[in-house]
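Everything on this sheet refers to the single structure shown next.
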Amino acid sequence: MLHQSLNVNTLVSVLNEVGAYIFTKDLEGKYTYANSLVLELFDITIDELIGKDDYYFFTKDEIEHLLENDKRVFNGEIIETEEVLVIKRTGEKRFYITVKKPLYDENKNIIGMFGISTDITEQKNLENKILAQKHFLDTILDNVDAYIYMKDKNRVFRYVNSKVAALFQRSSDEIIGKVDTDVIPKEVADSFWESDLEVLTKLEKISTEEYFEDENNKSYYWSVKIPYTLEDNTPTVLGFSTDITLLKQQEDELKAKDRILYHQAKISTMGEMIENIAHQWRQPLTLISSAATGTKLKNEMKILDNEELIENMENINNQAQYLSNTIEDFRSFFLADNYNIKEVNIKSSIQKTISLIKDAFSDYNIKFLVNVEDDISFNCNENLFIQALINILNNSKDVLKHINDMDHEKCVFLDLTSDENNYYIKITDNGNGIKKENLEKIFDPYFTTKHKSQGTGIGLYMTYQIIIKHIKTEIDVRNVEFEYKGKTYKGACFSIAIPKSSIIEKVGKRD
């Protein structure tokens, strides 16, 4: 008897250490046993628990499906299900994965049931949070002035926004999962696929003009397409197109060059920003997927302990917070009002700029070296100011990414200097500089040294327009030679002048 008592005590101790909620009930649904986690949840002792049913612990709305599950077990079924419960004592809503099996006596008669529940509330809350963030991103993509789609190597649509669905006169569900030739006429699909295939083959971003023709109309689009690899390593192309039909029709008559450039720059910047979102989301999404899959697998194998579950949930939460912060950063950039003039801190704007594009630069081992000590501000539109900086920095990236010399440490320097009249924001790279014959044309519209499919030649032109027309100051570029870590480098230096007369004076504190 002593030995048997010790075995029972040992079993009770083990069940109390298991990271799950374990309980038994009789055929009337009354509790006959529960481990310490159940008792803590109900804030009750074992003696107080025994003989009570679920009406005592849960609100009435959830009792019906619990009783139905228990009834199935009392009829001999083994069930595994997700249960949603509201604890009557606290009013808290909890989610559980529960396994319930019949209990038999020595004559194989069912005398009750036992259950094992794993609390997945944190995981559910995180899933809902991620779904909310996805809904937010979908809302942005459905409301930007662009046609956005994703297509894989088999020409199957993986995503379309609402504008693409409206263009093809189908719902998104009728398009996603289908081959492009099943959605639009083959000749049009083949025309789009030429540039799609170029992206998938070269794994480089391209910009191109395309058209879509139906029985009534022929529409023209300026498209930016970038390569993107899904979590399962499936290569895809992300396309962003803006309708330039009206501009195309008015091009000769109205010479609407600036408007065309504006729309092209807008979609090019959007493509860059979405590309940067893809860079910054890839690793956190992989970590979330791995943690969730591992947790589910171990739970199914009954080897998941409570400590590991908590650790995995914390990891998922940390990555979800990172995704949320990333979305907020890009949201501020996407939805900013280009006509809002306000006080802009130069150091803060440079930091925001780098945070938006840093991952794309790190892919090519390009690092930023920032030397902005003075805390100065001036009035301008911050969104346009950041866009101008991004265009300059992307120009440096496009040069530096082709340098494969292992001894060449690829850098972009951002400095704030001054003289008697002006502050100067200087952006310098060590990409060997700009050819002399190109220096005078660097800010011209459509001028680019890259292949026409790789560059539009409008980025630096738009930067020039922003600095001259909107910020109303000056920008120039020259080649420089300098030393860094004992080595001599050559590169391009862009300099934006900020007159000291426009600097907002800080109000000093009284002694």
Side-chain angles (χ1 to χ4, degrees), residues 134 136-152 155-168 172 175-176 180 183-184 188-189 191-200 202-212 219-230 235-248 259-282 326-327 330-331 333-336 338 356-357 359-360 383 387 390-391 394 398 450 452-459 462:
K134 179 182 180 300
F136 175 73
L137 183 59
D138 286 341
T139 300
I140 292 178
L141 296 180
D142 282 338
N143 287 281
V144 295
D145 188 20
Y147 300 81
I148 304 175
Y149 70 90
M150 177 189 288
K151 199 187 297 181
D152 67 23
R155 302 176 66 162
V156 174
F157 283 103
R158 293 298 189 97
Y159 170 81
V160 294
N161 73 343
S162 59
K163 287 183 73 70
V164 173
L167 177 67
F168 294 163
S172 297
I175 299 172
I176 296 171
D180 54 4
V183 179
I184 54 179
V188 178
S191 174
F192 287 157
W193 180 246
E194 287 183 13
S195 54
D196 292 342
L197 185 59
E198 183 179 351
V199 174
L200 292 170
K202 296 182 178 180
L203 298 178
E204 293 181 344
K205 182 184 76 173
I206 69 167
S207 303
T208 186
E209 184 180 296
E210 297 177 312
Y211 70 88
F212 177 77
S219 301
Y220 291 87
Y221 302 91
W222 184 256
S223 298
V224 175
K225 303 184 178 186
I226 63 174
Y228 180 66
T229 302
L230 298 176
T236 69
V237 57
L238 270 171
F240 312 89
S241 302
T242 188
D243 191 331
I244 59 169
T245 304
L246 181 60
L247 296 177
K248 190 76 175 176
R259 276 186 285 177
I260 293 174
L261 287 170
Y262 172 77
H263 281 277
Q264 292 175 353
K266 178 181 176 182
I267 198 64
S268 293
T269 302
M270 189 180 301
E272 292 281 353
M273 291 300 98
I274 299 294
E275 184 179 12
N276 286 319
I277 290 178
H279 278 291
Q280 292 187 223
W281 274 42
R282 186 177 294 121
T326 302
I327 279 292
F330 284 96
R331 177 181 181 274
F333 184 83
F334 273 128
L335 303 182
N338 285 350
L356 289 171
I357 62 176
D359 282 44
N383 193 52
Q387 184 176 338
I390 287 175
N391 290 339
N394 280 338
D398 290 338
K450 296 179 285 187
K452 64 180 181 179
S453 68
Q454 303 300 314
T456 62
I458 59 175
M462 292 307 298

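Side chains included, hydrogens not; waters and symmetry mates left out as well; all remaining heavy atoms used. Keep in mind that this is a model prediction, so the values were computed, not measured.
If you take CG on Asn394 and CD1 on Ile357, they are separated by 5.5 Å, rounding to the nearest 0.5 Å. Atom CD1 of Ile244 and atom CD of Glu209 lie 4.5 Å apart (nearest 0.5 Å).
In terms of the side-chain contact (heavy atoms from CB on, under 4.5 Å) criterion, Ala166 has no residue partners (sequence neighbours excluded). With sequence neighbours left out, Leu203 forms a side-chain contact (heavy atoms from CB on, under 4.5 Å) with Pro227. Tyr220 meets the ring-ring contact (aromatic ring centres under 6.0 Å, His included) test with no other residue; sequence neighbours excluded. Applying the ring-ring contact (aromatic ring centres under 6.0 Å, His included) test to Phe157 and every residue at least two apart in sequence or in another chain returns nothing. For Ser195, the side-chain hydrogen bond (donor to acceptor under 3.5 Å, both in side chains) test picks out Glu210, Lys225, with sequence neighbours left out.
When all heavy atoms are compared, the tightest approach of Leu167 to Tyr221 is CD1-OH, 3.3 Å. The two residues Val188 and Tyr211 have their closest heavy-atom pair at CG1-O, 4.4 Å. For the residue pair Thr245 and Ser219, the shortest heavy atom distance occurs at OG1-CA, 3.1 Å. Between Ile148 and Tyr159 the shortest heavy-atom distance is O-CE2, 4.0 Å. Nearest heavy atom pair, residue Ile176 against residue Arg158, reads CG2-O, 3.7 Å.
When side chains are defined from C-beta on, Thr208 does not count as touching Glu198, because their heavy atoms never get closer than 4.5 Å. No side-chain heavy atom of Asp243 sits under 4.5 Å from any side-chain heavy atom of Lys163. Looking at Lys151 and Leu200, their side chains never come closer than 4.5 Å, going by heavy atoms from C-beta outward.
Thr242 places no side-chain N or O within 3.5 Å of a backbone atom of Trp222 that could act as its donor or acceptor partner. No donor-acceptor pair closer than 3.5 Å links the side chain of Asp196 to the backbone N or O of Gly239.
Side chain to side chain, Asp180 and Tyr149 fail the donor-acceptor criterion of an N or O pair below 3.5 Å.
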